[in-house]
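Report on one structure; see the data block that follows.
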Amino acid sequence: MCSARVSPHFIIRAFQEGADGVLVAGCHIGDCHYLKGNYIAIKRVAILRDLIDFLGISKERLLLEWIAGSEGDKYARVADEFTEKVRSLGPSPIKRIPFREKAVAMVR
Amino acid sequence: MEALKNKVNELLESGGIAGFLGLRNFGSEPFPFLFTRDTAAEVEKITTGAVRYPLSKILIRIAAVYPDAIFGIMCRACDERAIIELFKNTKLRSDKVITIGISCTDDLVQACKCENPQPSNLVSGEAGKKEFDRSDVQKIASMTLEQRFDFWTEQLGKCIKCYGCRNICPVCFCDVCTLEDQPLVKRGEIPPELPSFHLTRAYHMAGRCVDCGLCEEACPVDIPLRTLYRRVRESVKELLDYLPGEERDKVPPIQVLGDGLFEIRD
Amino acid sequence: MFGSGAMTNSIAELEDSKCIFIIGSNTSEAHPLIANRILRAKAKGAKIIVADPRKIHIAFYADIHVRQNLGTDVALLNGIMNIIISKGWQAREYIEARTENYAVLQESVANYPPEKVSEITGVSVQDLNAIAEAYAKAPSASIVYAMGITQHTTGVDNVKSLANLAMLCGRVGAESCGVNPLRGQNNGQGACDMGALPNVYSGYQRVDDEEVGKKFDAAWGAQLSRKPGLTLMDMMHAIEEGQVRALYIMGENPVVSDPNRAHVESVLKKVEFLVVQDIFMTETAQYAQVILPGVSFAEKDGTFTNTERRVQRVRKAIEPVGNARPDWQIICSLSDMIGYPMNYNEAGEIQDEIKSVTPSYGGITYARLDGDGLQWPCPTSEHPGTKFLHKERFTRGRGLFSAIAFKPPAEASDNEFPLMLTTGRNFVHYHTGTLTRQSRSLDDEQKEGYAEINPLDAHKYGISKRDRIKVVSRRGAIEIKPEITGRVPEGILFIPFHFAEAAANALTIDALDPVAKIPEYKVCAVRIEKVA
Amino acid sequence: MYYECIPTTCTYCGCGCSVVLQVLDGHLVGVLPGKTNPVNEGSLCIKGWTSHEFVYREKRLKNPLVKKDGVFFETGWEEALDTVAGKLKKIKEESGADSIAALASAKCTNEENYLMQKLMRAAIGTNNIDHCARL
């Protein structure tokens, strides 16, 4: 799937569902089958990173990386590093929002 | 005010416009009204008022019914910024709209923290001073991540999901609204899912928001929405070098940022 | 009580109150534009107290939120007053100067020590103390309540207890204070003000008062009955007994809005002649012999009176849809044909007549309503309207304390019906949904009814969110989608009453408050079953 | 070509917010919040913002209906009002005014509620008038 197909809404949804971090991986610049898909992705992710950071969700929880289909080792390395990074950031603050429907704290 | 009345009468009489969308005193209060040749007597009640209604958004609706007519519209600087974006997004046609600029009172400029209260084609009043005040954005940006998160959770948590921010927004012109997209945004409860409802709307303001502040005025629970969208506006300027409403000749980056065009829904 | 039934203070005043005590009002969902004033008050430093069994939206912004057991408001309020008196926080001078019967109150609340109240209500002694202190000690304090207080067999007792509390602390007749009922419907206040009640003419003038009777005899040119008529619930019983043969319903949907739906339906089937005037084919209209199509608010002129007594204009914006006619014109035509001509050319002329016979509306004309409207009492054409009531004196003279004893709700849970049900509104819909469920955006937002159930109860009954459940009471049963949420405490179910096909009021009990005849919508016993 | 805004009062809850009805060529096309009203000061809730939506629904009753053999038939105003007035007069003659009762409405205007009680009290002759505001 083209990285331009990763709608910002999907990323927002992932965070809402409790993801501690979101990694978007796309083809290298210049390699786009659709010519400019990854240019679109880079701008979208950049704007969204700014925005979540302003809302208090670290921008480091959202990562865009270029990984070609043949770069299995890079994929593994990036995934490992990102996992470590996110682990160091701790759980997403979205999980501690008091309005969440099933918050156990609300149960009397 | 006399200058405005004269201008409207002149345009109506000459046939230069089919109608002028502005504010009319209804009893003691101003409300939007379309002055036409048939209702020329009402021009006497024209007012610039101290209130702002989303005139450009109203004009989209009227122009959709009368696509060939030319309309005049009362334009504060914020209205004009919106109209520039509406031209670019083909919601209004630049050859069918004549803007009649009016100035805002100093009080209104202050209250709006308007960064550019100077419309072109000024017919009534004097242009206000430019005052660029981003202290609201800076105040939040200077907090720690955790403080910011708590601040926004408290603010956005007040939301009673009236959709007023969207409904009044002059640049919210999509036929299908993502905020009503059930799988993406859960419906039927208040506050709406935090923060995704407002995050989604804020993202959609990228490349569109003209910083008019009508959203914040319409918010029944005083959420500082404008501050949120101002930050988005700044990001777009920094990253894409585009300032909505201020750049008549640049192509808007809206498709890059993603509107309906890039969504696949199921 | 103080002698009049309306919000004592104004909506805008809430913003400057230093303590707001919200009880029995889901303000952000049912009265959103009043909730914003409360949130603003909080931003200005007010203490917010919420007493509601559910974790409602505004409770997240409360400094103190207590979840009292259903139907224990009198005990809760007596307990708070007990603490205030025992600590000496009551407003002694105010009590002396403006009220009577204080000794009686003192004696009765002495029977409600905090420990006992905590036992009855499930609210901790610590929270009781905190509420008492916050309310009694703030420079100004407002009470806000709604149907969560009135829709009980002890509804009048609940209201009187709130009045007791407010007077005890000198909170009536002062700015940003008062006892403030939030009316559920746009013109509930106006319908009462206009005398759509069996015992009073417009402006609460009693039909059994000979003076008043003579005045209206003369004004209307008719010999009027001095005998109070039947209340809605009495009408239902009179129909069953064959004493009432004809019923004319204008713009109401009792099949969905009244308790014990099966009973209402049987009554409407039984009545010999039913006329319904409405804008949609409601569940009630189905039973009519004749249906008269009225118009919506956008198609007629008139006035509404909001919950803060503000009379405001309703203006015709469009022509009636189809052959529908403005409701006031229908009544006029009917009256003409019955042999009592009503000659009004426009709605404003009716207001002119209202003004002439109704002292509290005596200064209200359409011309004066331009802009902000006017808050009654507005007795003369120079009077600016009244922001808050009882400033110098109460309507009845001195404020009257009353001794109120706690009585449990009409129905308690038992082995057969182990859960308690309470009802209310959802932010999207309104009342019986006649209008809101016909609005595309609102229908899209919330299409069907649901029953909120605590996760512990869901676990206990093996219910997951994909199941459907059957809720059964002694009156009826409905099938509904469960919503598993901590908003409701364990043992309590909440169902919004907007949805006719999963009607909460098929379950609710028609036990009434003995004085106000309000049904106990807010408490009844139910059981649940998983639908296979 | 005619567009105007008519300020009026919201038909939903008891807050009494000012809603501004947008009328384009005789059709209700939308709602704006009244910016200058002391109750809502330029805001509305979700119901207020959509308070125009039900007005043109297909299901609106457009003609009087009379039930014959359990089925509703559309009819003219004269016939419908004749039926109602005739029947009410007959019942009043046979069983007295107190055998007739009416429910006014917390949704209708003050003027309509006033007239409804006047109809029952002066034209019919009974105080059997109530409404559902308790509910």
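So you know, we letter chains A, B, ... as the sequences are listed, proteins then strands, and number each from 1. The basis for the numbers below is simple: all heavy atoms, side chains too, and nothing from hydrogens, waters or symmetry mates.
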Between the side chains of D:K90 and C:E272, is the shortest nitrogen-to-carboxylate-oxygen separation below 4.0 Å, so that they form an ion pair?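 Result for this pair is no, no salt bridge flagged.
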Hey, are D:K47 and C:E445 close enough for a salt bridge, meaning a charged N less than 4.0 Å from a carboxylate O? no
Kindly determine whether D:K62 and C:V321 satisfy side chain to side chain contact (heavy atoms under 4.5 Å, CB included), including the steps that lead there. CA-CA 6 Å; D:K62 297 187 186 72; C:V321 170; 3.8 Å; yes
Quick check against the 3.5 Å criterion: does [X] have a side-chain atom that pairs as donor or acceptor with the backbone of [Y]?
X	Y	answer
C:D327	D:E112	no
D:S105	C:G251	yes
D:E53	C:S441	yes
D:W77	C:N323	yes
C:R315	D:T8	no
C:T307	D:G14	no
C:R37	D:V39	yes
D:H131	C:A191	no
C:Q312	D:G16	yes

Do you know which of [options] has the most heavy-atom pairs with chain D at a distance under 4.5 angstrom?
options	answer
C:G190, C:A196, C:S10	C:A196
C:T303, C:N306, C:L230	C:T303
C:Q351, C:H429, C:R325, C:E308	C:R325

Contact class of [X] relative to chain C, heavy atoms under 4.5 angstrom:
X	value
D:T36	backbone
D:L65	both
D:I91	both
D:E79	neither
D:V23	side chain
D:S18	neither
D:I124	side chain
D:C10	backbone
D:Q22	neither
D:K89	side chain

Do [X] and [Y] get their side chains close enough for a donor-acceptor pair, meaning under 3.5 Å?
X	Y	result
C:Y287	D:K67	no
C:R245	D:S99	no
D:D98	C:Q243	no
D:N110	C:T305	yes
D:D130	C:T231	no
C:K227	D:N127	no
D:Y12	C:Q185	no

Tell me which of these, [options], has more heavy-atom pairs under 4.5 Å with chain C than the rest.
options	value
D:L103, D:V55, D:D82	D:L103
D:V84, D:L44, D:N37	D:V84
D:E58, D:K92, D:E94	D:E94
D:V66, D:I100, D:L81	D:L81

Atom group of [X] that falls short of 4.5 Å from chain D, counting heavy atoms:
X	result
C:I279	both
C:A285	backbone
C:V357	side chain
C:V314	both
C:Y344	side chain
C:M342	side chain
C:D234	neither
C:A30	backbone
C:D301	backbone
C:F273	side chain
C:V275	side chain
C:K300	side chain
C:Q223	neither
C:M235	side chain

Kindly determine whether D:Y114 and C:W328 satisfy side chain to side chain contact (heavy atoms under 4.5 Å, CB included), including the steps that lead there. CA-CA 9 Å; D:Y114 176 83; C:W328 64 270; over 6 Å; no
Given C:I331, which of D:K118, D:M116, D:E111 fulfils the side chain to side chain contact (heavy atoms under 4.5 Å, CB included) condition?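 For C:I331, the side chain to side chain contact (heavy atoms under 4.5 Å, CB included) check succeeds only for D:M116.
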One pair to check against side chain to side chain contact (heavy atoms under 4.5 Å, CB included): D:W49 and C:L442. What are the steps and the verdict? CA-CA 10 Å; D:W49 270 110; C:L442 301 178; over 6 Å; no
Is the CD atom of C:E349 crowded by more than 12 outside heavy atoms at less than 6.0 Å? yes
Please walk me through it: do D:K107 and C:N186 pass side-chain hydrogen bond (donor to acceptor under 3.5 Å, both in side chains)? CA-CA 6 Å; D:K107 303 241 44 86; C:N186 57 335; 3.1 Å; yes
Assess whether side chain to side chain contact (heavy atoms under 4.5 Å, CB included) is satisfied between C:M281 and D:F72, documenting all intermediate values. CA-CA 11 Å; C:M281 177 63 89; D:F72 285 113; 3.7 Å; yes
D:R121 charged N/C atom sitting above C:Y201 aromatic ring, 6.0 Å / 45°: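 Judged by the rule, D:R121 and C:Y201 form a cation-pi pair.
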